[in-house]
Engineer: 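After the structure tokens below, expect a handful of questions from me.
Heavy atoms only: backbone and side chains are in, while hydrogens, waters and symmetry mates are out. First the proteins, then the strands, lettered A, B, ... as listed; each starts at 1.
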Number of protein chains: 2
Amino acid sequence: MKKAVEQSVDRPAKAFSSEVATGSRRENASKQESGAPFRSHRNEKGPRAADRIRASASELFYREGIRAVGVDEVVERAGVTKPSLYRSFASKDELAAAYMRDYDLDFWEKFENPGGKSYSDPREHVLAYIRVLSTRAVREGYRGCGLSNATVEYPARDNPARQVAEAHKKVLRKRLRELASSMGARHPAVLGDALLLLIEGIYSTGQQSEDGPAQSALAVAKLLIDASVPKP
Amino acid sequence: MKKAVEQSVDRPAKAFSSEVATGSRRENASKQESGAPFRSHRNEKGPRAADRIRASASELFYREGIRAVGVDEVVERAGVTKPSLYRSFASKDELAAAYMRDYDLDFWEKFENPGGKSYSDPREHVLAYIRVLSTRAVREGYRGCGLSNATVEYPARDNPARQVAEAHKKVLRKRLRELASSMGARHPAVLGDALLLLIEGIYSTGQQSEDGPAQSALAVAKLLIDASVPKP
DNA sequence: GTGTATACGTACCGGTCAGTAACATTGTCA
DNA sequence: TGACAATGTTACTGACCGGTACGTATACAC
């Protein structure tokens with residue numbers, strides 16, 4: 001239960017293995033000692049069932065919401081059958097948690113390298129992320145942050161997906177405080193929180209309309225930073 | 001369909017009748033010409049079925065989410081039966097829309113008179129709202145904004161509840177711009193958007209953890225306003 | 001070949017969901 | 001007293017939900 005949470009969420013992650021955290025029911029990381037690619041059984045064409053299910057779930061859960069999507073739809077889109085899902089995931093809730101972990105990994109890639117570039121200056125780093133984010137957020141069909149959305153869908157604290165989301169947000173908060181500190185902010189905690197509140201505001205309003213306040217987000221971010229960091 | 005949206009959402013509402021907008025299936029506002037309290041039929045103890053249903057739905061939908069709550073639960077809590085629900089509301093979606101309209105009314109009361117007081121100075125007005133809001137937002141069990149949450153639960157544009165929420169957010173944005181303008185902001189649109197992004201950030205992060213960035217919200221609001229309004 | 005383990009499919013389960021049909025009961029007013 | 005409006009009572013529907021019992025195909029080991 002708790003193990004799952006700590007699986008991929010507790011590190012801002014400098015480098016990522018393309019192999020996502022499994023977090024599945026089957027705990028057999030054993031038998032990995034053989035060197036070869038371990039393609040194991042079954043047909044060579046395409047990823048195995050569990051991976052196809054993860055991908056299918058990620059897309060559907062993000063676009064339509066977790067509660068709105070049934071497991072039948074997930075497996076149909078994945079081109080597999082329901083028992084395959086339940087062989088790899090203990091329940092729909094656990095599948096949702098896996099989706100959260102995948103989302104988390106994806107997030108950090110986008111956050112640490114906004115627009116595919118890396119930044120040494122923390123101010124430019126944050127502004128680049130917000131620029132990219134707010135551009136996405138004003139486009140039609142934008143659905144905000146999958147992690148924040150899951151928190152809305154599942155108010156119960158012990159929900160596995162929610163736990164992953166909560167852990168993620170905690171790390172993000174710490175990371176933003178870190179960046180605010182690097183900028184030389186007078187009160188790094190306040191600037192970090194300000195940026196987090198701003199980012200969550202973009203997530204939220206971005207899915208409420210295409211023509212929303214996310215348009216002003218970059219200007220607001222600059223305002224916040226410049227008001228918080230003493231001039232050189 | 002569209003009619004429902006425009007029923008209560010398009011006015012910042014200075015004064016409120018305690019009578020909520022009905023928006024129910026039965027359009028007979030007629031017969032109101034008689035002066036008396038119009039307690040009409042049924043037993044004297046307590047409000048009539050439709051009102052009890054609205055109250056029950058509001059509480060449950062807010063706390064647990066709309067999708068998570070079945071109509072059976074709503075009617076059980078209301079102490080009525082299912083046919084009574086469907087006599088007053090065409091569908092669960094329409095009941096959700098009614099919940100949105102009630103929420104909207106309630107919101108404007110809280111927004112225009114934060115903490116039960118009225119304010120003439122726009123800066124003090126906004127800061128008071130954010131003070132009250134962020135205090136609520138760091139308490140356990142806080143569930144954010146019911147309207148924003150509904151938008152997360154229902155991504156489809158034509159969902160009745162979502163339409164009410166969208167209309168509401170549009171009005172709120174305008175109102176904040178208005179207040180920013182009254183403060184004498186250099187760029188009222190930007191300050192208005194900044195405040196809206198901040199507020200939505202509080203809604204969102206407030207339900208993610210009790211110990212979140214909403215703690216800093218008041219300081220952030222002051223920072224934003226002071227950086228946007230020229231000193232006298 | 002035969003055993004064994006793996007990956008997958010077919011067919012099904014009981015429960016819950018939103019919504020309805022038909023009828024009985026109660027209070028109000030004319 | 002009788003019409004009417006509002007609600008309750010009971011029982012039902014068909015769709016969908018998450019989840020599972022059980023059989024099958026493939027591949028490697030010996």
Engineer: Counting only side-chain N and O atoms of B/Tyr86, is one of them less than 4.0 Å from OP1 or OP2 of C/dG19?
Structural biologist: yes
Engineer: Considering only D/dT20, D/dT9, C/dA7, which nucleotide approaches the side chain of B/Arg87 most closely?
Structural biologist: D/dT9
Engineer: Without decimals, in angstroms, what is the distance between B/Leu85 CG and C/dA21 C1'?
Structural biologist: 17 Å
Engineer: Return yes if a side-chain donor-acceptor contact under 3.5 Å exists between B/Ser204 and B/Gln208, otherwise no.
Structural biologist: yes
Engineer: Starting from C1' on D/dG18, measure out to CG on A/Asn159 and report it in whole angstrom.
Structural biologist: 15 Å
Engineer: Indicate yes or no for a side-chain donor-acceptor contact from A/Ser134 to the backbone of A/Arg131 under 3.5 Å, with no hydrogens or angles considered.
Structural biologist: yes
Engineer: Identify whether the distance between the nearest side-chain nitrogen and carboxylate oxygen of B/Glu166 and B/Arg162 falls below 4.0 Å.
Structural biologist: yes
Engineer: Taking the basic N atoms (NZ, or NE/NH1/NH2) and the acidic carboxylate oxygens, is any pair closer than 4.0 Å for A/Arg175 and A/Glu178?
Structural biologist: yes
Engineer: What is the minimum heavy-atom distance between A/Ala137 and A/Ile202, and which atoms define it?
Structural biologist: CB-CG2, 3.6 Å
Engineer: In whole angstroms, how far is the P atom of C/dT20 from the CZ atom of B/Phe89?
Structural biologist: 15 Å
Engineer: Nearest whole Å is fine: how far is D/dG18 C1' from A/Leu95 CG?
Structural biologist: 12 Å
Engineer: Between C/dG9 atom P and A/Arg52 atom CZ, what is the distance in whole Å?
Structural biologist: 10 Å
Engineer: CD1 of B/Ile53 versus C1' of D/dT7: gap in Å, rounded?
Structural biologist: 10 Å
Engineer: Going by number, which of residues 62-84 of chain B have a non-hydrogen atom under 4.0 Å from DNA chain C?
Structural biologist: B/Val69, B/Gly70, B/Val71, B/Lys82, B/Pro83
Engineer: Would B/Glu210 and A/Arg157 pass as an ion pair if we require N to O under 4.0 Å?
Structural biologist: yes
